[in-house]
Each structure stands twice: as structure tokens, then as C-alpha cells.
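Structure record follows, encoded as C-alpha cells.
Just so it is clear, the model here is predicted, and its values are computed rather than measured. To find a chain, count down the sequence lines: A is the first, B the second, and so on, and within it residues start at 1.
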There are 2 protein chains.
Amino acid sequence: MTDSAQPPRERRRTVQKEAVRRALVQSPGFVSATALHRRLQQQGSRVGLATVYRQLTVLAETGLADTVTAPEGQLYRACAPTHGHHHHLICEDCGRAVEIAPPSEEWIEEAARRHGYTLTRHVVEVFGRCAECGAERA
Amino acid sequence: MTDSAQPPRERRRTVQKEAVRRALVQSPGFVSATALHRRLQQQGSRVGLATVYRQLTVLAETGLADTVTAPEGQLYRACAPTHGHHHHLICEDCGRAVEIAPPSEEWIEEAARRHGYTLTRHVVEVFGRCAECGAERA
DNA sequence: CTTTTTGCAAAACATTTGCATGTAA
DNA sequence: TTACATGCAAATGTTTTGCAAAAAG
């Protein structure tokens, strides 16, 4: 991208925008767009799936949502805008996610530098099964 | 692991199995199943896409291939069976990947234990632009 | 011969997009 | 009024699956 100054997208306040946001906040761990859409329907909100996707994208861009790429798709989670980025320990069963902090991320920059890479982003995803789900494991 | 003795899947030796493996080895960085399939076609091998997916899955399970989940899908890369799992520094432009080793992964187990999680897998993906691609950066 | 593997096409999903229609500002 | 936002359905793109035919052992 040649840094084309994008027309500062206007953000209009809409019911569905709020609904998506609220639903996301209500969700315990990371959720997929479809899952969130399902939840919204159950709650009575008649928000279109496309809108859920669009809003989730916006939320992620705005930093209001954290997102990780899982094999079953993109997952989102509400996130305080101040948080910046962090890593998670995610339960593969229920999706519950715990924030974890690596002791140091210097080694990442270190490694990048050593190999002549310019860092753009990094992801640390740790998957497992939480105590609750693990106990009832079949 | 509950060590449920799974019916030891028979592994029959087939041409396409070899073809997929070879194509994967020939590929420099991480490749998607579809990309690999395309490559195979260009090389003349008439391997079905489904087979490529199936084999790639097997290779990953067997530990003969490394795999990362990217937004555009699952990516695979040939990998020595002895290697175990490791992490990568991936160029977002050309896909070239360099192996990197975190100083220690104890903190992951540590964190899991602390939160009562049973670890199943973890992924560390660091994305950036390699020296080569970075130079010509527009 | 028996069982696995393949190929193909259809099915399943996740996600995006085109467009007419609502609607905030 | 006038853009932007939404909904819906169609379009994409990836990965899986059903099943009959081919191949391995």
C-alpha cells in the first residue's frame, strides 16, 4: 500500500453496531463471527451476518477487539483499547481465554534482526483445555 | 492422552503420496494446499486436490510437515521428522520462513499450569518482511 | 481378494461483495 | 437530503466428504 490517506471513515452510531459490541463483550472467550451471530439471534437482535463480520473487522481495526486466527476461522474477543496486544491461553473446548504474558519478547526482535527481517506482527497462541473442560474430558 | 489404541492406519505407498511430499519439499516457505496442488499440476502430476489435502493432513500428523494457520488458510512446510515442533519467522511477502528458537518455552507450561489448563499445542508465529523483500519495499 | 487410496463432484463452512433499501446526521 | 450502514443473497475460497473405481499388498 502506498500510504494513500484513506478518507477517515465516518462512524455512524447504529443499533446493530452496539448489539455486536455488547454481544462480544458478553462472550467469555474468543468467539467466531458466526457464533456471535448465532448468539445475537438468540437474544432477539436481528443483525445480519454480514454486518457482524463488518463490525468485527472494524472493532479489530480500531483495537477494540483482539483477534486470533484459528483453524476454524477468525476469532474475536472484546478488549480494552488501552491494552495493546497480548497473548492468550485458549481452551479448545469452551473458548475461554486467559491472558498470559511472556517473560520477554526481546528474543523475537532479536531473531528478526539477526535474520534481517522487519517485524510486522507476531502471534503467540497457546491452546489447551481449561480445568473445567479438562475434568469432564471423555 | 488416553492412549486409546487407534487402529494403526495402514499406510500404503502411492505415487501421489510421494508426489505431494516431493512438491512440499521443493517449496521454499510455507505453502497452502491449493498452491501445492497448482504446483503439482504444472509439474504434470495429476493429483487430485482432495488427495493433496488428505496427504498434507497425514504429513502434519506424522510430524513430517509443519503447519501454521494463516488467515488465508492452513499452510504447510516440509520438516524433518526428528525436529519436533519449532517456530518460525515468516516473510509476509515471499513466504520464506526461518526457524527460530525461543530461549525457553517453560513459561508456557508454567502459565498453563497456573491457570489449570492442560496443554495441547501452542503456536508462535512471527511475521515480517525479509531483507530481500524489505529492500524493494514500495 | 480385501482394504486403502484416489478422483471427482457435491457439500459444508467461513468470509466477502453487490446492490437496493433503510437511516443517522 | 445525503452519505454511510444494513440485509440479503449471490459469489468466493477453503477444506471436507460420499462414493465408485483404481491400486496396493
*Using the side chain to side chain donor-acceptor pair (under 3.5 Å) rule, collect all pairs that involve residues 43-56 of chain B, keeping only residues at least two apart or in two chains.*
B:Gln26-B:Gln43
*Quick one: list whatever passes salt bridge (charged side-chain N to carboxylate O under 4.0 Å, His left out) with A:Arg113, sequence neighbours left out.*
A:Glu110
_Donor-acceptor under 3.5 Å (B:His37 side chain, B:Val52 main chain)_ = no
*Partners meeting side chain to side chain donor-acceptor pair (under 3.5 Å) with B:Thr34 (sequence neighbours left out)*: B:Ser32
_Taking side chain to side chain donor-acceptor pair (under 3.5 Å) as the definition, give me every residue that meets it alongside B:Glu18, ordered by chain and number, with sequence neighbours left out._
B:Arg13
*In whole Å, what is the span from the CD atom of A:Glu72 to the P atom of D:dT16?*
12 Å
*Side-chain N or O of B:Gln16 closer than 4.0 Å to phosphate OP1/OP2 of C:dG7*: yes
*Residues which pass salt bridge (charged side-chain N to carboxylate O under 4.0 Å, His left out) with B:Arg22, listed by chain and number, not counting sequence neighbours*: none
*Could you state the atom-to-atom distance from CG of A:Leu75 to P of C:dA14 in whole Å?*
11 Å
*Using side-chain contact (heavy atoms from CB on, under 4.5 Å) as the criterion, list what pairs up with A:His115, not counting sequence neighbours.*
A:Tyr117, B:Leu89, B:Val98, B:Ile100
_Side-chain heavy atoms under 4.5 Å apart, restricted to Ile/Leu/Val/Met/Phe/Trp/Tyr: what other residues fall into the cluster of A:Val25, or is it alone?_
none
*Specify the residues of residues 31-44 of chain A, ordered by number, for which at least one heavy atom lies under 4.0 angstrom from an atom of DNA chain D.*
none
Got a list of side-chain donor-acceptor pairs under 3.5 Å for residues 67-74 of chain B, not counting sequence neighbours?
| from | atom 1 | to | atom 2 | distance (Å) |
| --- | --- | --- | --- | --- |
| B:Thr67 | OG1 | B:Gln74 | NE2 | 2.9 |
| B:Thr67 | OG1 | B:Leu75 | O | 3.0 |
| B:Thr69 | OG1 | B:Gln74 | OE1 | 3.2 |
| B:Thr69 | OG1 | B:Gln74 | NE2 | 3.2 |

*Measure from CZ on B:Arg46 to P on D:dA23 and round the result to the nearest Å.*
12 Å
*At how many degrees, to 10°, do the end axes of the helix from C:dC1-D:dG25 to C:dA25-D:dT1 meet when each uses five pairs?*
30°
*Assign a letter to each nucleotide of nucleotides 16-25 of chain C from its 5' end: B, base within under 4.0 Å of a protein heavy atom; S, sugar-phosphate only; -, no contact.*
BBB-----BS
*Report the hydrophobic cluster partners of A:Val15, with the cluster defined as I, L, V, M, F, W, Y residues connected by side-chain heavy atoms closer than 4.5 angstrom, directly or transitively.*
none
